[in-house]
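The structure appears below as structure tokens.
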Amino acid sequence: MVTPEQIEEAVEATINRHRPQLLEERYRFNMGLLMGEARAVLKWADGRTIKHEVDMQVLHLLGPKTETDLEKKPKVSKARPEEKDRRTAKDLMENGEAADQGLSLMEQLRGEALKFHKPGENYKTPGYVTTPHTMDLLKQHLEITGGQVRTRFPPEPNGILHIGHAKAINFNFGYAKANNGICFLRFDDTNPEKEEAKFFTAICDMVSWLGYTPYKVTYASDYFDQLYAWAVELIHRGQAYVCHQRGEELKGHNSLPSPWRDRPIEESLLLFEAMRKGKFAEGEATLRMKLVMEDGKMDPVAYRVKYTPHHRTGDTWCIYPTYDYTHCLCDSIEHITHSLCTKEFQARRSSYFWLCNALDVYCPVQWEYGRLNLHYAVVSKRKILQLVAACAVRDWDDPRLFTLTALRRRGFPPEAINNFCARVGVTVAQTTMEPHLLEACVRDVLNDTAPRAMAVLEPLQVIITNFPATKSLDIQVPNFPADETKGFHHVPFGPMVFIERTDFKEEPEPGYKRLAWGQPVGLRHTGYVIELQNVFKGPTGCVERLEVTCRQADAGEKPKAFIHWVSQPLTCEIRLYERLFQHKNPEDPAEVPGGFLSDLNPASLQVVEAALVDCSVALAKPFDKFQFERLGYFSVDPDSCQGQLVFNRTVTLKEDPGKV
């Protein structure tokens, strides 16, 4: 554990060693030297916290930057060594160096291109199945696409996208972009029972939020007529048949061959037409393909009967194709060059190649990559619905979940999610990451983009008895103390201020540096130091307010600490979030025998109903983000209304050392 006081001491000692040079060179001084020396003393301290303290103490010593300070020296670009250029993204990720090298997702995906086939050279891929028609089909494919890379992101519109989908979106859209190609957003809308309009809208929104624009938005239902015609052709070729086995008989990988597998082609054609016309009840008949998959599953279903109206086609169809049938044929229709799927679809690769070749249509290449999972998370649609039903979370966008809508509501920037996917890398192995690694990416982005403000969660009233003016002073506060070129905002400073209750102690322990008897503190950005004069307590003995005197900071000894404060503040609601689950793997029976619902963290949400925030945030809109000094990063919640802002804590300023 490294306390804020220890960091302040280490930074102060470092600055004192270099004080003459700092005063001479001002902001041209190498601030990295201060950082390095402070970190050498406190090697377990959070680097961003040290940097923040260095920035604040340097600002206090040197004052705001002048025009001369802002004249930047031209940077000399350093050429990267040739051997580094030759190293692939895969090498860097395996050695854990991608983040250190600043390797972007685009660079990684260009690296992946080294092992992927070139458009039109599908046959060079290991395991790709060729037929006498393959080369002619590839030639036609190249004439249509011009050799362009084509990918697709094919979600099912029956739930909200989660953090795992972010990797899929980045991989599919990113690979196409990195190689000057195009990416389709294709909805796999073949199961009308589970599909809702809100999911289509939310998926489009999330793809756009992550910064990607589809070449075209398509639907599997766009191709229902063609898919049906191909199913009829498959029967004509003796490669499919109508079966009457029930669903329970088809389960498992060792089911007996269907007694209808060898029924006459003409009979299957008539029965399939009867299925199309609604002459069978649900479950009474299916169309099955004649093949055995890698996992031993025999004759996967191509079509089944469903009488649920479809959101786009209405009652036109009462039979719907399955994923195993639809996926590869839609890829073929759209001339996809690289069908990128997660690892669990590897068992379907043989059926993918088989079906395209059985119909003599262009056959894309399926490539698999590892899923991205997070500890302390549940992302299953069914289980999230259980959490909602149990009132453990509010909805799909509850900020404690890891759906993309939840992360957006909590205040995670899309750039941070994309950077996280880049750090994870394009790996074949399934990856389960710690949430704090995602949070670190969030801090990196927000540190540069979230303007500073001041807020007090547990307010303690402070009266300045010798306030130096007859009315409030107007204090200019930098939006980003480390870079004043990004502007300022103004806050009032009056004779009554509020500080955090924890920033005052009547009987401080050793090492405590904030306000106490005989121990003054500075008020950030004001240029004033306050010193305790009186403590007023209520009937229960709880401190209700303080009386202090103030002096200018340069009129005496420098205080040991500077604290944040608010004056004439807004009253806001602030929601503080922690992990939803107590164990790393809440779905693992060995770790949580009672099931994931028994593993809920009772302290996952704390609501501060009357927090005080400085008035600079008064015009903030939903999803606007701020750093509340010394507290963390916060985002405006959509529940906010006029005169009553609600903030969600996105992340703390530094990683909680208890999170491992």
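None of these values were measured; they are calculated from a predicted model.
Side-chain atoms of E500 come within 3.5 Å of backbone N or O of L457 as a donor-acceptor pair. Proximity of a side-chain donor or acceptor of Q519 to a complementary backbone N or O of Y512 within less than 3.5 Å is detected. Put simply, the side chain of N601 gets close to the backbone of R579: a donor and an acceptor are under 3.5 Å apart. At distances below 3.5 Å, not a single donor-acceptor pair connects side-chain atoms of R524 with backbone N or O atoms of G522.
Side chain to side chain, R630 and H564 meet the donor-acceptor criterion of an N or O pair below 3.5 Å. In summary, the side chains of S472 and Q568 do present a donor paired with an acceptor at a separation below 3.5 Å, with no hydrogens or angles considered. Between Y212 and N170, the side chains place a donor N or O and an acceptor N or O closer than 3.5 Å (distance only, hydrogens not considered). E629 and H525 share a side-chain donor-acceptor pair at under 3.5 Å. Counting only N and O atoms by type, the side chains of E578 and S604 include no donor and acceptor under 3.5 Å apart.
Salt bridge present: D639 and R575 bring a charged side-chain N and a carboxylate O closer than 4.0 Å. Using a 4.0 Å cut-off between a side-chain N of Lys or Arg and a carboxylate O of Asp or Glu, K560 and E12 do not qualify as a salt bridge.
E458 is linked by a salt bridge (Lys or Arg N to Asp or Glu O under 4.0 Å) to nothing, counting only residues two or more places apart in sequence or in another chain. Applying the side-chain contact (heavy atoms from CB on, under 4.5 Å) test to S567 and every residue at least two apart in sequence or in another chain returns V497, W565.
Relative to the six-membered ring of Y577, R649 misses at least one condition, a distance below 6.0 Å or an angle of at most 45° to the axis. Geometrically, R408 engages F623 in a cation-pi contact, judged by NZ or CZ lying under 6.0 Å from the ring centre and within 45° of the ring axis.
For CD of E507, the number of neighbouring non-hydrogen atoms (other residues, nucleotides, ligands) closer than 6.0 Å is 12 at most.
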